Protein chains: 2
Amino acid sequence: MTTIKDVAKQANVSVATVSRVLNQKGYVSKQAERSVKNAIKSLNYKPNAVARSLYHKTSGIIGLFVPDISNPFFPELARAVEDAATSEGFTVVLCNTDSKQEKEEKYIQVLQQKYADGLIIATGTDSIEHILSTNIPVVALDRYISDHIPTVVSSNKAGAIDATEHLIAQGCQFIAHLRGPKGVTSADDRYTGFKQAIEDHSIAHVVVEAGFEIGQSEVATRNLFEKYPSIDGIFAGSDVTAAGAMRAAYQCKRAVPKDVKIIGFDGISLGEMLTPSLSTIQQPIYEMGQQAAKLLMMMIEKKELPSYWHEFSTTLKIRETSTGSE
Amino acid sequence: MTTIKDVAKQANVSVATVSRVLNQKGYVSKQAERSVKNAIKSLNYKPNAVARSLYHKTSGIIGLFVPDISNPFFPELARAVEDAATSEGFTVVLCNTDSKQEKEEKYIQVLQQKYADGLIIATGTDSIEHILSTNIPVVALDRYISDHIPTVVSSNKAGAIDATEHLIAQGCQFIAHLRGPKGVTSADDRYTGFKQAIEDHSIAHVVVEAGFEIGQSEVATRNLFEKYPSIDGIFAGSDVTAAGAMRAAYQCKRAVPKDVKIIGFDGISLGEMLTPSLSTIQQPIYEMGQQAAKLLMMMIEKKELPSYWHEFSTTLKIRETSTGSE
DNA sequence: CTGAAAGCGCTTACAG
DNA sequence: CTGAAAGCGCTTACAG
């Protein structure tokens, strides 16, 4: 690797001068600048990022914490974060935490040792101390941590109301809600929205916890069909659990959407791959990831944040699982 | 941040001694060791990874190149790579290249400036010069680059034969193959396997290019049904394109598996989320990602590689889209 | 406008 | 067994 010394020698100046033209900082004569630039080009010199890091105590690295990138909600988010970060010259380190505090702590330690500039946290753990006690910028994505941490979420409650009212408008008389895990902010908010819509319209309903995974949801829905044969609408807490409900309907010989209408939540690409295609509440996933990255980079650059709360509207996406009666 | 100097002062030794106990290298008296260890603990000292990097010219960073993490094949691979890397103290940087050479080159440059230790390349671009000309260790995952680069793939051809013969065994008389993009090694190999099986059994068939995306596959399959109404079996080049075929069958009112049997390739979790669930050729995705990471780390540690070619067997996973006649 | 020097936080020959 | 010193490749006061 060629270093700043090689460039200085070739250009017949000191390393200080090379550094000045590199950073466009301080006075440099036209002539010196020209010969340095030539030397840089002819040697194909690229400054060593590690040496810069050591001096500046920054690295251009940001950590992205997700529970598990295999969970289909997170890749789209990760893509958005990475795009936004890369466009500003940052690099993103992927951290799968399985929502385990111990893993989060390990990642935080390793990242701090590398002078990571910031963290985007899209995972939920019970304890938040280890996050609050870190001294690097953090933004919370798709979850709430604390009022002191900038937060990017979607309108989970309003979206859940839209979903439920859509089912009601489609004529559903007995609606089941497959709710996500208790204690997970988004799942709780969706539940609250469901409850409110149901009460506003006095519709028969039942709520069951179905995690965020397909297996659990499939079993839960099957049990539901057995216990309450007259269920004709399902609001699933996520698109993945909606897919589970569709599988259960198939197994129990209920036609979708004819016998039972189903709507999910998230708007991940899975929904369009299902047959029939899944109606859902679309979160602007890409925009959310992008926003989180932008906020983090503003914090890193010590800019004032316009707000600590960024809530994105959801939109009702009507596809095949909730429409008509075919 | 507390530094090695602080520790040295607290322990009443020189920084050299502290460094020695940190690295368990060189002679240190029991007594010095004890007082250094105490100082480290009481100050909660963590060595600065950047300073170490600068000296050693390594960083513990590996780059993972994928076309797009949103494509559902890659998250499982990424998870495996990240798990294996983290367990050995490496950190993985996510690089979405969109299979564009220009993006790959940019990432390579940035990573080299950070003293990245290695690259796992799971993307295909036409040119490979920029990869060959890099001087850091590289392993190719799910693609072939060159004989000089360790490669981890699955038995695409054999898997395709299994898929095709399975459809034949299920009684299919006219089989369509939705092949992946030409020039992509895995897609080409699957096509070759299909051809071979078809010829061995003299079955009517048709091949059409359907990319690796759902939209294209859906349209292609619809056209196929229109043109060749007697198609009763589809071997899709990936699980995603199989999902597209299922959507097309739905639109064209062909029951799956009764009227047309479908099998995919990959074994991503999507297959289990579909209704009916998707028969497929399962690649050991996690093991492949893990193996790639392990090979890369061996190269980084200058260990001899047992082989440059690591081919994993696929397994036929019979689920609902290809069985019975219901 | 420019260079010598100190410093970022480590590691490792080299003397002793 | 231990410390002073040089060096990894940069950047930036400080003098001139």
Side-chain angles (χ1 to χ4, degrees), chain A residues 1-37 39-40 43-61 89 109-117 135-136, chain B residues 1-37 39-40 43-61 89 109-117 135-136:
Chain A
M1 284 270 86
T2 99
T3 75
I4 198 171
K5 267 191 193 168
D6 303 319
V7 176
K9 194 174 297 173
Q10 170 118 200
N12 261 304
V13 296
S14 73
V15 297
T17 300
V18 177
S19 180
R20 284 188 195 101
V21 349
L22 244 28
N23 299 296
Q24 310 188 61
K25 201 179 250 179
Y27 297 98
V28 181
S29 67
K30 284 281 158 233
Q31 198 198 331
E33 182 176 352
R34 196 149 15 85
S35 78
V36 166
K37 283 190 169 162
I40 287 173
L43 294 170
N44 188 228
Y45 167 72
K46 306 279 179 243
N48 181 315
V50 174
R52 284 185 159 172
S53 253
L54 184 59
Y55 182 87
H56 283 122
K57 301 185 194 300
T58 66
S59 62
I61 288 176
Q109 198 206 97
V110 170
L111 287 169
Q112 285 196 129
Q113 291 186 88
K114 290 194 194 302
Y115 281 146
D117 295 331
N135 47 356
I136 66 179
Chain B
M1 285 269 88
T2 99
T3 75
I4 198 172
K5 268 192 191 166
D6 303 319
V7 176
K9 193 174 297 171
Q10 170 118 196
N12 260 305
V13 296
S14 72
V15 297
T17 301
V18 176
S19 179
R20 284 188 195 101
V21 348
L22 244 28
N23 300 295
Q24 310 187 63
K25 202 179 247 178
Y27 297 99
V28 181
S29 67
K30 284 280 158 235
Q31 198 197 332
E33 182 176 353
R34 195 152 12 86
S35 79
V36 167
K37 282 189 169 162
I40 286 173
L43 295 170
N44 188 226
Y45 167 73
K46 306 277 179 245
N48 181 315
V50 175
R52 284 185 158 173
S53 253
L54 184 59
Y55 181 87
H56 283 122
K57 302 187 193 299
T58 66
S59 63
I61 288 176
Q109 197 206 100
V110 169
L111 287 169
Q112 284 196 129
Q113 290 185 89
K114 290 194 196 301
Y115 281 145
D117 295 330
N135 47 355
I136 65 179

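Just so it is clear, the structure is predicted and the values come from calculations on it, not from any experiment.
To the nearest angstrom, C1' of dC8(C) lies 13 Å from CG of Asn48(A). Nucleotide dA13(C) holds its C1' atom 15 Å from the OH atom of Tyr27(B), rounded to whole Å. Separating the CE atom of Met1(A) from the P atom of dG9(D) is a distance of 10 Å, rounded to the nearest angstrom. Separating the CZ atom of Arg52(A) from the P atom of dT11(D) is a distance of 5 Å, rounded to the nearest angstrom. The separation between Leu22(B) atom CG and dG9(C) atom C1' is 11 Å, rounded to whole Å. For the pair Leu54(A) CG and dT11(D) P, the interatomic distance rounds to 12 Å; values are reported in whole Å. The separation between Arg20(A) atom CZ and dG3(C) atom P is 8 Å, rounded to whole Å. The distance from atom NZ of Lys57(B) to atom C1' of dG7(D) is 10 Å, rounded to the nearest whole Å.
For dC10(C) and dC1(D), the P atoms lie 25 Å apart once the distance is rounded to whole Å. Remark: the separation of the P atoms in dG9(C) and dT2(D) is 25 Å, to the nearest Å.
A close approach under 4.0 Å does not occur between any side-chain nitrogen or oxygen of Ser53(B) and OP1 or OP2 of dC10(C). In this model, the phosphate group of dC8(C) is not approached by any side-chain N or O of Thr3(B) to a distance below 4.0 Å at OP1 or OP2. Using a 4.0 Å cut-off, no side-chain N or O of Lys25(A) falls inside it from OP1 or OP2 of dT11(D). Here Lys5(A) does not reach the OP1 or OP2 of dG9(D): none of its side-chain N or O atoms lies under 4.0 Å away. Listed pair Tyr115(A) / dC10(C) fails the phosphate criterion, with no side-chain N or O lying under 4.0 Å from OP1 or OP2. In this structure, Ser19(A) reaches the dT11(D) phosphate: one of its side-chain N or O atoms is under 4.0 Å from OP1 or OP2. Look at Thr17(B) and you won't find any side-chain N or O under 4.0 angstrom from OP1 or OP2 of dT2(D).
In this structure the side chain of Leu22(A) reaches within 4.5 angstrom of the side chain of Arg52(A), judged on heavy atoms. Contact annotation: the side chain of Val36(A) never approaches that of Arg20(A) to less than 4.5 Å [non-hydrogen atoms, C-beta and beyond]. At least one side-chain heavy atom of Tyr45(A) sits less than 4.5 Å from a side-chain heavy atom of Pro47(A).
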Intra- and interstrand pairs of DNA chain D - dot-bracket, Watson-Crick/G-U under 3.5 Å, | marks other strand: |||.||||||||.|||

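Remark: Lys25(B) pairs with Asn23(B) by the side-chain contact (heavy atoms from CB on, under 4.5 Å) rule, at least two apart or across chains. Evaluation of the side chain to side chain donor-acceptor pair (under 3.5 Å) rule for Tyr115(B) yields Asn48(A) as partners, not counting sequence neighbours. Scanning for side chain to side chain donor-acceptor pair (under 3.5 Å) contacts around Lys46(B) gives an empty result, with sequence neighbours left out. Under the side-chain contact (heavy atoms from CB on, under 4.5 Å) criterion, Thr3(A) pairs with Lys5(A), Asp6(A), sequence neighbours left out.
Each of Tyr55(B) and Ile4(A) was matched to the nucleotide of DNA chain D holding its nearest heavy atom; the match closer to the 5' end belongs to Tyr55(B). Between Ala32(B) and Ala51(B), it is Ala32(B) whose nearest contact on DNA chain D lies nearer the 5' terminus.
Exactly one residue among Thr17(B), Val21(B), Val18(B) makes a side-chain contact (heavy atoms from CB on, under 4.5 Å) with Val7(B). That residue is Val18(B).
Of all heavy-atom pairs spanning Leu43(B) and Gln10(B), the tightest one is CD2-NE2, 3.5 Å. Closest heavy-atom contact between Ser59(B) and Ala116(B): OG-CA, 3.4 Å.
Of the residues in residues 7-16 of chain A, Val13(A), Ser14(A), Ala16(A) come within less than 4.0 Å of DNA chain C through at least one heavy atom, sorted by number.
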